[in-house]
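What follows is a short report on a single structure.
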Amino acid sequence: MKMLLSGTWQGSSNGREEEVRSPFDNHVIDVVPVATVQDAQAALDRAEIGAKIQRNLPGHVRSDILLRAAALADERAEDIARTISAETGKPISEARGEAGRAGSIIRLAAYEGTQLYGDTLPLDANPGTGFEKIGFTLRQPCGIVVAITPFNYPALLVLHKIAPALAAGNSVVLKPARSTPLTALKLAECFVDAGLAPEALSVVTGRGGDLGDVLVSDPRVRKVSFTGSTATGTRIASIAGVKKLSLELGASCPVIILPDADIELAAAAVAAGGFINAGQVCISVQRVLVDRKIEADFLDALVPKVQAIEVGDPAKDSTRLGSLISAAEAERVEGSIAAARDGGARVLTGGERAGAVLQPSVVAGVDPSSPFSREELFGPAVAVSAAADLESALALANDNPYGLGAGIFTSDIAGAVRAMRQLDAGNVHINWTPLWRADLMPYGGLKGSGIGKEGIRSAVHEMTEEKTVVLHGRPW
Ligand code: NAP
């Protein structure tokens, strides 16, 4: 595939290309251009024009374009799903679920982009102002939005940026992950075919390390929307300059299980929430903090469920766990499990690796202060640690540099209320794990997990700016 530069599909200015390979069996799926810094600058030049065009389109016109793009995403869902599965190695069943949400995310954005309401200001409440002035607020698009996305949800995370940005009247330059550019290009094609102004969207493929600084630090860019690791997010924050930033970063999400919990429900939810997408989800269950009194019962319920996960070829309908994004990543996670074992934890199941495929693992007796618990794992394993009571489980849950999602299983409303008040996480789930998301809900992390909120309404809000307008009449 070519990259999208302002309506035209083209190669990079120096002709360089690179292969996109399946992490599962290493076959070449396609070849994409490796954009140069000059290509990124050209995309920004065109986006400057695109921002002016988009800003002057009425909301209903922008909405109509997005609704056509949504219909195209629905029509092309199976092709998009196959592309997602091939380039990420995630099972086709999961990829179909992801691709199936594309149309509805775009439709949600089409609606929210027409809802740019403002406030009337009661200026007469200001001493000396009187009734002769009228004040109100207006929302307007930011201008150019730079969107940078990771590999793990190449459709959802791209759409959670470009759909609200375009719906709100911005132009966008997207830099998708180097390992998963094909899904992004196919989604962009839906917007192009729907009649979006050519200058309104560019997708530059290539290395984030080479293109990132140019895209992020350009003063013409008013908003950077980034999802990825905390390390990359920290760099972006340090060089962005004066502009709006949304950073959706890493995590190590806890789940608390109290003695009055439904243990079967908790075990089933952890067996899903720790292993979907091979655990490569920012809201994946990483730390299970289970009350000591029920630890053995919980592990008895959890381990067979994890052992029953069918591992293998992502293209097979029955596969539930495919490969990680690369053999190197699988090796890293394998090494973390081995280090936990060397540190005294018990590997109850899994952890064996073949290439990029890692058997799902449950590791018990994990020291909550060990790297296996504290650092983001981003792989198919959960760390189970015992807690004395709710008080200490909450303290352990919060004793972490991240704060994206958290869950608690309990049948006691008082414990649930205390947890929702005291857990330091952007999303808190009662009787489910953090691995749950509706596209309309505000979504984003506290602490090292980032700043700002996604979720379509929140994203439209963050991709627009508020102006205060005052009409000066005369006293009568
Ligand atoms: P990553 O290495 O940080 O890469 C993310 C994106 O940033 C890629 O497009 C990458 O390009 C680009 N990039 C790399 N260096 C850059 C630089 N110097 N300037 C600007 N962009 C740069 O993250 P990843 O490994 O793809 O994704 C996994 C991480 O994402 C995990 O930490 C996970 O928790 C996080 N994540 C967070 C959320 C959330 O909502 N909080 C959701 C999903 C994932 P290249 O691919 O070309 O290097």
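Numbering starts at 1 and runs along the sequence shown. Values below: every heavy atom of this structure, side chains too, minus hydrogens, waters and symmetry copies. Start at 1 and go down the list; that is how both ligands and their atoms are numbered. Just so it is clear, the structure is predicted and the values come from calculations on it, not from any experiment.
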message: I'd like the name of whichever of G426, G206, S326, G228 reaches closest to atom 30 (O) of ligand 1 through any heavy atom.
response: G228
- prompt: Under 3.5 Å, N or O to N or O, is G208 touching ligand 1 that way?
  reply: yes
- request: Could you tell me whether the side chain of I92 reaches within less than 4.5 Å of the side chain of T319, counting heavy atoms only?
  value: no
query: Can you check salt bridge (Lys or Arg N to Asp or Glu O under 4.0 Å) on E199 and R46, steps first, answer last?
result: CA-CA 5 Å; E199 297 84 354; R46 305 300 293 171; 3.5 Å; yes
query: Short N/O distance, under 3.5 Å, between E376 and ligand 1?
result: yes
- line: heavy-atom search around atom 36 (N) of ligand 1 in the protein gives C282 CB, 3.7 Å
task: Mark the output for G450 as yes if a heavy-atom distance to ligand 1 is under 4.0 Å, and as no if none is.
output: no
- prompt: Counting each atom of ligand 1 from 1 as listed, which ones have a heavy atom of P176 under 4.0 Å away?
  reply: 9 (O)
query: Hey, does F275 have a side-chain heavy atom less than 4.5 Å from the side chain of V285?
result: no
- request: Just let me know how L157 lines up against ligand 1, side chain, backbone, both or neither, with a heavy-atom cut-off below 4.0 Å.
  value: side chain
query: If you measure from each non-hydrogen atom of L249 to ligand 1, which part falls under 4.0 Å: side chain, backbone, both or neither?
result: backbone
- prompt: Between E454 and ligand 1, which residue portion shows a heavy-atom distance shorter than 4.0 Å: side chain, backbone, both, or neither?
  reply: neither
- prompt: Given the rule in the side chain to side chain donor-acceptor pair (under 3.5 Å) test, do K223 and S246 qualify, once you have shown the distances and angles that lead to the verdict?
  reply: CA-CA 8 Å; K223 162 91 191 173; S246 298; 2.4 Å; yes
statement: Near G212 (heavy-atom distance under 4.0 Å), the atoms of ligand 1 are 19 (N), 20 (C)
message: Evaluate K175 for polar contact with ligand 1, using N/O atom pairs at a separation under 3.5 Å.
response: yes
- prompt: What do the steps show when you test S252 against R287 for side chain to side chain donor-acceptor pair (under 3.5 Å), and what is the final call?
  reply: CA-CA 7 Å; S252 169; R287 296 179 286 146; 3.3 Å; yes
- line: Quick note on ligand 1: atoms under 4.0 Å from a heavy atom of T227 include exactly 5 (C), 36 (N), 37 (C), 38 (C), 39 (C), 42 (C), 43 (C), 44 (C)
message: Quick check on contacts: which atoms of ligand 1 are under 4.0 angstrom from a heavy atom of L404?
response: 41 (N)
query: Is there a side-chain contact between V32 and M3 (heavy atoms, below 4.5 Å)?
result: no
message: Checking T36 against S13: is there a side-chain donor and acceptor pair closer than 3.5 Å?
response: yes
Ligand 1 contact by F226, heavy-atom criterion under 4.0 angstrom: yes
task: Considering heavy atoms of the protein only, find what lies nearest to atom 27 (O) of ligand 1 and give residue, atom and distance to 0.1 Å.
output: P150 CB, 3.3 Å
- request: Identify, by atom number and element, the atoms of ligand 1 in contact range of R235, meaning under 4.0 Å from any of its heavy atoms.
  value: 18 (N)
query: Taking the minimum heavy-atom distance to atom 6 (C) of ligand 1, which of T232, T149, L156, V214 ranks first?
result: T149
message: At under 4.0 Å between heavy atoms, is it the side chain or the backbone of S179 that contacts ligand 1, or both, or neither?
response: neither
- prompt: What atoms in ligand 1 come closer than 4.0 Å to a heavy atom of I148?
  reply: 6 (C), 7 (O), 9 (O), 12 (C), 20 (C), 21 (N)
- prompt: Do K175 and F226 meet the cation-pi criteria used here (NZ or CZ under 6.0 Å from the six-membered ring centre, within 45° of the axis)?
  reply: no
message: With a 4.5 Å cut-off on side-chain heavy atoms, are K161 and V145 touching?
response: no
- request: Show the numbers, then the answer: is there a salt bridge (Lys or Arg N to Asp or Glu O under 4.0 Å) between K244 and E462?
  value: CA-CA 8 Å; K244 296 182 79 170; E462 294 203 4; over 6 Å; no
query: Would you call V216 a ligand 1 contact, heavy-atom distance under 4.0 Å?
result: no
Flag side-chain contact, heavy atom, 4.5 Å: R107 against D74: yes
field: Residue N152 vicinity, atoms of ligand 1 by number, heavy atom under 4.0 Å
entry: 43 (C), 44 (C)
query: Counting each atom of ligand 1 from 1 as listed, which ones have a heavy atom of R207 under 4.0 Å away?
result: 47 (O)
- prompt: Is any N or O atom of S229, backbone or side chain, closer than 3.5 Å to an N or O atom of ligand 1?
  reply: yes
query: Can you check whether C190 reaches R76 side chain to side chain, under 4.5 Å on heavy atoms?
result: yes
Salt-bridge criterion met for R96 and E78 (N-O under 4.0 Å): yes
- line: Looking at Y402, Y443, F378, the heavy atom closest to atom 33 (C) of ligand 1 belongs to F378
message: With a 4.5 Å cut-off on side-chain heavy atoms, are T433 and F409 touching?
response: yes
message: Using a plain distance cutoff, I'd like to know if D213 has any nitrogen or oxygen under 3.5 Å from a nitrogen or oxygen of ligand 1.
response: no
query: Backbone or side chain, does any N or O of R178 fall under 3.5 Å from an N or O of ligand 1?
result: yes
field: Within-shell test, G209 vs ligand 1, heavy atom, strictly < 4.0 Å
entry: yes
query: Do any nitrogen or oxygen atoms of I236 lie less than 3.5 angstrom from nitrogen or oxygen atoms of ligand 1?
result: no
- prompt: Can you find a heavy atom in the side chain of I456 that is under 4.5 Å from one in the side chain of Y111?
  reply: no
field: Under-4.0 Å protein heavy-atom contact, atom 4 (O) of ligand 1
entry: no
task: Identify, for atom 25 (O) of ligand 1, the protein heavy atom at the shortest distance, and state residue, atom and that distance.
output: F151 CE2, 3.5 Å
field: SB check E189 K186 (cutoff 4.0 Å)
entry: no
query: Where do R16 and D39 land on the salt bridge (Lys or Arg N to Asp or Glu O under 4.0 Å) test, with the steps shown first?
result: CA-CA 12 Å; R16 267 192 65 204; D39 295 328; over 6 Å; no
